[in-house]
Asker: 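For reference, the structure I am asking about is given below.
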Amino acid sequence: MKMPLHERIRSDFEGRILGGELAPGDRLPIEQELMQEYGCSRMTVNKALSVLAAAGLIVRRKRAGTFVARPRVHSMVLDVPDIAAQVRERGQDYAYRPIRRVLRGAGEDQEEALLAGCGALMQIDGVHMVDGAPLGVEFRLVSATAVPEIVRADLDSVPPGSWLLQHVPWTEAETRISAVAALGDEARWLGVPAGSPCLCVERRTWRGAERVTYVRQLFLGDAYDMVARFGPGASAR
């Protein structure tokens with residue numbers, strides 16, 4: 001059975017967004033261009049774009065155009081933050097100090113096995129620095145199958161979280177926040193005594209059904225906070 005034209009348009013752009021051809025913030029062709037490309041009416045184009053917008057893949061701005069969305073966390077009222085941008089917005093100096101970067105297979109941990117699938121993992125560890133002092137330590141795993149570009153990405157000047165937000169669209173994220181004590185290498189890299197209180201943020205992201213990354217971040221307890229504003233209709237898990 002032939003696919004309806006509006007479904008074909010929706011499917012084409014969904015594939016380009018989820019496949020990374022269109023990155024967050026990229027502008028889509030205007031409606032007239034889509035009408036000409038697909039040989040269809042404005043109503044057909046509008047129907048396809050409305051479905052993409054409802055799925056959170058695009059944002060339609062009056063007079064400005066249609067853009068690939070910078071996705072928001074599913075079922076949680078939290079962004080996936082760009083730490084470097086947040087720090088610089090406060091007028092402070094930011095730096096990322098890399099510690100370890102290695103391409104490897106999954107270990108025995110189930111989290112790693114699910115993320116790697118049949119491929120490899122890129123392990124990227126480092127410290128977020130603010131005004132020359134540690135703010136938090138980050139342990140990140142990225143699926144080299146989902147994001148093959150990460151293997152050769154320049155992460156010396158751009159921290160991995162910022163690079164991923166700029167280059168890899170995602171559709172769902174899960175965040176877990178807890179209070180922990182810094183131990184071992186964590187405490188040493190943060191420059192604090194073992195047992196010091198920290199805020200631990202663990203986050204998993206997906207692109208469709210495909211797992212993209214897992215990250216565990218430990219922030220000094222008195223140096224970082226997370227704020228969410230929401231109404232009674234918001235849901236969380």
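For clarity, every value in this text was computed on a predicted model and none was experimentally measured.
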Asker: State plainly whether the residues K47 and E7 are in salt-bridge range, i.e. N to O under 4.0 Å.
Answerer: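 Here K47 does not pair with E7 in a salt bridge, since their nearest N and O are not under 4.0 Å apart.
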Asker: State plainly whether the residues E172 and R211 are in salt-bridge range, i.e. N to O under 4.0 Å.
Answerer: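 The answer is no: the pair does not qualify as a salt bridge.
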Asker: Quick one: closest heavy-atom pair of L220 and P134, and the distance?
Answerer: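 Reported closest heavy-atom pair: CD1-O, 3.4 Å.
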Asker: Side chains of L164 and Q166: closer than 4.5 Å at any heavy-atom pair?
Answerer: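 Of all side-chain heavy-atom pairs linking Q166 with L164, none is under 4.5 Å.
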Asker: Checking side-chain contact (heavy atoms from CB on, under 4.5 Å) for the pair V151/M122: CA distance, chi angles, key distance, verdict?
Answerer: CA-CA 7 Å; V151 176; M122 177 60 76; 4.2 Å; yes
Asker: Does R140 reach the side chain of T213, with side-chain heavy atoms less than 4.5 Å apart?
Answerer: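 In short, these two side chains touch, coming nearer than 4.5 Å.
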Asker: Under 3.5 Å, is there a donor-acceptor pair between the Q123 and R104 side chains?
Answerer: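 Yes, a side-chain donor-acceptor pair sits under 3.5 Å.
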Asker: For R203 and T175, does a side-chain donor sit closer than 3.5 Å to a side-chain acceptor?
Answerer: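 Yes, side-chain donor-acceptor contact under 3.5 Å.
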Asker: Would you tell me whether Y214 and E202 have side-chain atoms, one donor and one acceptor, within less than 3.5 Å of each other?
Answerer: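 On atom types as modelled, these side chains qualify, holding a pair under 3.5 Å.
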Asker: CG/L115 to OG/S143 distance, rounded to the nearest 0.5 angstrom?
Answerer: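 These two atoms lie 5.5 Å from each other.
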Asker: I'd like to check I58 versus I17 (side-chain heavy atoms, cut-off strictly below 4.5 Å). Are they in contact?
Answerer: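 The answer is yes, as the side chains (C-beta and beyond) meet within the 4.5 Å cut-off.
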Asker: Has R16 got a side-chain atom pairing as donor or acceptor with S11's backbone, closer than 3.5 angstrom?
Answerer: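 Checked: no pair found.
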Asker: Checking side chain to side chain contact (heavy atoms under 4.5 Å, CB included) between W163 and each of D154, I124, V168, V142, which is the one that passes?
Answerer: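 So the option named by the test is V168.
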Asker: Step by step, work out the side-chain contact (heavy atoms from CB on, under 4.5 Å) result for N46 and E31.
Answerer: CA-CA 8 Å; N46 186 63; E31 289 186 359; 4.2 Å; yes
Asker: According to a 4.5 Å side-chain heavy-atom criterion applied to Ile, Leu, Val, Met, Phe, Trp and Tyr, with indirect links allowed, do L34 and V51 form part of one hydrophobic cluster?
Answerer: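 The answer is no; the residues belong to distinct hydrophobic clusters.
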Asker: What I'd like to find out is whether the side chain of L199 reaches to under 4.5 Å of the side chain of I177, using heavy atoms alone.
Answerer: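 Yes; the side chains approach each other to less than 4.5 Å.
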Asker: Assigning hydrophobic clusters by single linkage (Ile, Leu, Val, Met, Phe, Trp, Tyr; side-chain heavy-atom cutoff under 4.5 Å), is V215 placed with L218?
Answerer: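 Hydrophobic grouping puts V215 apart from L218.
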Asker: Less than 4.5 Å apart, any side-chain heavy atom of E138 and any of P160?
Answerer: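 Yes, at least one pair of side-chain atoms sits under 4.5 Å.
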Asker: Look up atom CG in L183 and atom OG in S196, then write down how far apart they are to the nearest 0.5 Å.
Answerer: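 Separation between the atoms: 9.5 Å.
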Asker: Assign the ring pair Y38 / F13 to parallel, tilted or perpendicular, where the plane angle (0 to 90°) is split at 30° and 60°.
Answerer: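 Tilted: the ring planes of Y38 and F13 meet at 30° to 60°.
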Asker: Any chance you could lay out the side-chain contact (heavy atoms from CB on, under 4.5 Å) test for V45 and M43, step after step, and finish with the verdict?
Answerer: CA-CA 6 Å; V45 169; M43 182 180 295; over 6 Å; no
Asker: Between V212 and V158, is there a shared hydrophobic cluster once you connect ILVMFWY residues whose side-chain heavy atoms come closer than 4.5 Å?
Answerer: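 V212 and V158: one cluster.
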Asker: Taking T171 for its side chain and G208 for its backbone only, find out whether a donor-acceptor pair lies under 3.5 Å.
Answerer: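 Checked: pair present.
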Asker: Please find the pair of heavy atoms, one from L121 and one from A106, that lie closest to each other, and give the distance.
Answerer: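 L121 and A106 have their closest heavy atoms at CD1-CA, 4.0 Å.
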Asker: Ignoring hydrogens and angles, state whether a donor on the side chain of H167 or E149 is under 3.5 Å from an acceptor on the partner side chain.
Answerer: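 No, no side-chain donor-acceptor contact under 3.5 Å.
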Asker: Would you say that Q86 contacts Y94 through its side chain, given a criterion of any heavy-atom pair below 4.5 Å between the two side chains?
Answerer: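 Of all side-chain heavy-atom pairs linking Y94 with Q86, none is under 4.5 Å.
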Asker: Side-chain heavy atoms nearer than 4.5 Å, only ILVMFWY residues, links allowed to pass through others: does that put F67 and L49 together?
Answerer: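 Unlinked, F67 and L49 end up in two clusters.
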Asker: If every non-hydrogen atom of I150 is compared with every non-hydrogen atom of V147, which pair is closest and at what distance?
Answerer: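 Smallest interatomic distance, heavy atoms only, reads CG2-O, 2.9 Å.
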Asker: Are Q32 and R42 side-chain neighbours, meaning at least one heavy-atom pair lies under 4.5 Å?
Answerer: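 They are in side-chain contact.
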Asker: I'd like to know if L135 and V201 are part of one continuous hydrophobic network [Ile/Leu/Val/Met/Phe/Trp/Tyr, side-chain heavy atoms within less than 4.5 Å].
Answerer: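 Per the 4.5 Å side-chain linkage, V201 and L135 are co-clustered.
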Asker: Kindly indicate, with the supporting measurements, whether the criterion side-chain contact (heavy atoms from CB on, under 4.5 Å) is fulfilled by S162 and I83.
Answerer: CA-CA 8 Å; S162 300; I83 296 173; over 6 Å; no
Asker: Please find the pair of heavy atoms, one from G132 and one from M129, that lie closest to each other, and give the distance.
Answerer: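 Closest approach of G132 to M129, heavy atoms only: O-CE, 3.3 Å.
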Asker: So, taking the atom named NE2 in H6 and the one named CG in L52, what distance separates them when rounded to the nearest 0.5 Å?
Answerer: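 Answer rounded to 0.5 Å: 10.5 Å.
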Asker: Do H128 and Y96 have side-chain atoms, one donor and one acceptor, less than 3.5 Å apart?
Answerer: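 Side chains of H128 and Y96: no pair found under 3.5 Å.
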Asker: Kindly compute the distance separating CZ (R204) from CG (L141), expressed to the nearest 0.5 Å.
Answerer: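 Nearest 0.5 Å value for the CZ-CG distance: 11.0 Å.
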Asker: Decide yes or no for L57 and E14: does some side-chain heavy atom of the first lie under 4.5 Å from some side-chain heavy atom of the second?
Answerer: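 Answer yes - side chains close enough.
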Asker: Got a donor-acceptor contact below 3.5 angstrom from the E112 side chain to the D109 backbone?
Answerer: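 Absent.
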Asker: Within the supplied structure, the quantity of interest is the number of heavy atoms (other residues, nucleotides, ligands) at a distance under 6.0 Å from Q92 CD; does it exceed 12?
Answerer: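 Enclosed.
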Asker: First locate atom CG of L18, then atom CZ of R207, and finally report the distance between them rounded to the nearest 0.5 Å.
Answerer: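 Rounded to the nearest 0.5 Å, the CG-CZ separation comes to 7.5 Å.
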Asker: Working to the nearest 0.5 Å, report the span between CZ of F219 and SG of C200.
Answerer: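 Result: 9.5 Å between the selected atoms.
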Asker: For a quick test of reading the model, state the closest non-hydrogen atom pair linking L165 to W170 and the distance between them.
Answerer: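 Answer, listing the atom of L165 first, then W170: CD2-NE1, 3.9 Å.
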